[in-house]
Amino acid sequence: MRSVRKCSRTGCLEPAVATLTYAYSDSTAVVGPLATASEPHSYDLCEAHALRLTVPKGWEVVRHEGGFAAPDPSADELTALAEAVREAGRSDKPAPEPEPEGPSGRRGHLRVLPGRA
C-alpha cells in the first residue's frame with residue numbers, strides 16, 4: 001500500500017486530496033482530484049488549501065466541482081504489501097555477503113591510495 005501523500009504546503013501535515021497544476025500559457029491554475037501519481041510539476045494539496053487557493057492578479061483558477069476525497073487503496077496495492085511482508089518474514093533467505101576488506105583493513109567503498117612524493 002502506498003504511503004499517504006501529504007499536502008505540499010510548508011508546515012501542513014494533512015493528507016492530500018487534490019492536485020494543483022499550472023497552465024502558464026493560459027495564466028490558469030487547475031485544482032482537480034488527487035492525481036494517481038505524484039508529478040514533478042504539480043502540487044498535492046489538502047482540502048483546506050485546495051479550497052482557499054488564490055492566484056496572482058490576471059490569473060484564473062479552475063476548480064474541480066464537488067468535494068475532494070482521499071483515494072482508497074486498491075487491491076493491487078494491498079496484494080503488494082502482503083507479499084512484501086511475507087518476503088521480509090522469510091527465514092530461508094540467504095544472508096547478504098559481507099563486503100571485502102580494503103587495503104586499509106576497513107570495509108567500504110573508500111580506499112587509501114599511496115601518496116606521491
Side-chain angles (χ1 to χ4, degrees):
M1 184 165 62
R2 82 178 89 112
S3 62
V4 176
R5 289 170 22 205
K6 300 290 184 192
C7 182
S8 297
R9 295 291 302 260
T10 303
C12 184
L13 300 175
E14 294 298 313
V17 296
T19 298
L20 166 66
T21 55
Y22 293 103
Y24 291 99
S25 61
D26 297 328
S27 299
T28 304
V30 180
V31 180
L34 187 63
T36 56
S38 182
E39 296 291 332
H41 300 292
S42 63
Y43 302 89
D44 295 335
L45 299 174
C46 65
E47 187 168 15
H49 286 122
L51 295 174
R52 290 186 303 179
L53 177 79
T54 60
V55 294
K57 190 174 186 174
W59 278 61
E60 185 178 349
V61 178
V62 176
R63 292 185 203 273
H64 167 72
E65 298 218 4
F68 295 107
D72 294 328
S74 71
D76 291 340
E77 293 168 338
L78 294 175
T79 302
L81 175 63
E83 288 182 17
V85 169
R86 188 177 306 120
E87 180 68 23
R90 280 183 46 198
S91 61
D92 61 339
K93 289 192 307 188
E97 292 185 26
E99 293 182 30
E101 290 188 6
S104 67
R106 298 178 66 192
R107 289 190 237 161
H109 66 281
L110 300 178
R111 292 180 175 66
V112 177
L113 301 176
R116 294 185 191 180

Using a 6.0 Å cut-off, check whether atom CZ of Arg63 has over 12 heavy atoms from anything other than its own residue. yes
For a quick test of your reading: what N or O donor-acceptor pairs under 3.5 Å do the side chains of residues 48-60 make, sequence neighbours left out?
residue: Arg52; atom: NE; partner: Ala48; partner atom: O; Å: 3.4

Cluster link Leu45 to Val62, ILVMFWY, side chain under 4.5 Å: no
Result block: side-chain N/O donor-acceptor pairs under 3.5 angstrom for residues 10-32, not counting sequence neighbours:
residue: Thr19; atom: OG1; partner: Ala35; partner atom: N; Å: 2.8
residue: Thr28; atom: OG1; partner: Asp26; partner atom: O; Å: 2.9

Going by salt bridge (Lys or Arg N to Asp or Glu O under 4.0 Å), name the pairs with one or both residues in residues 30-50, residues two or more places apart or in two chains. Arg5-Asp44
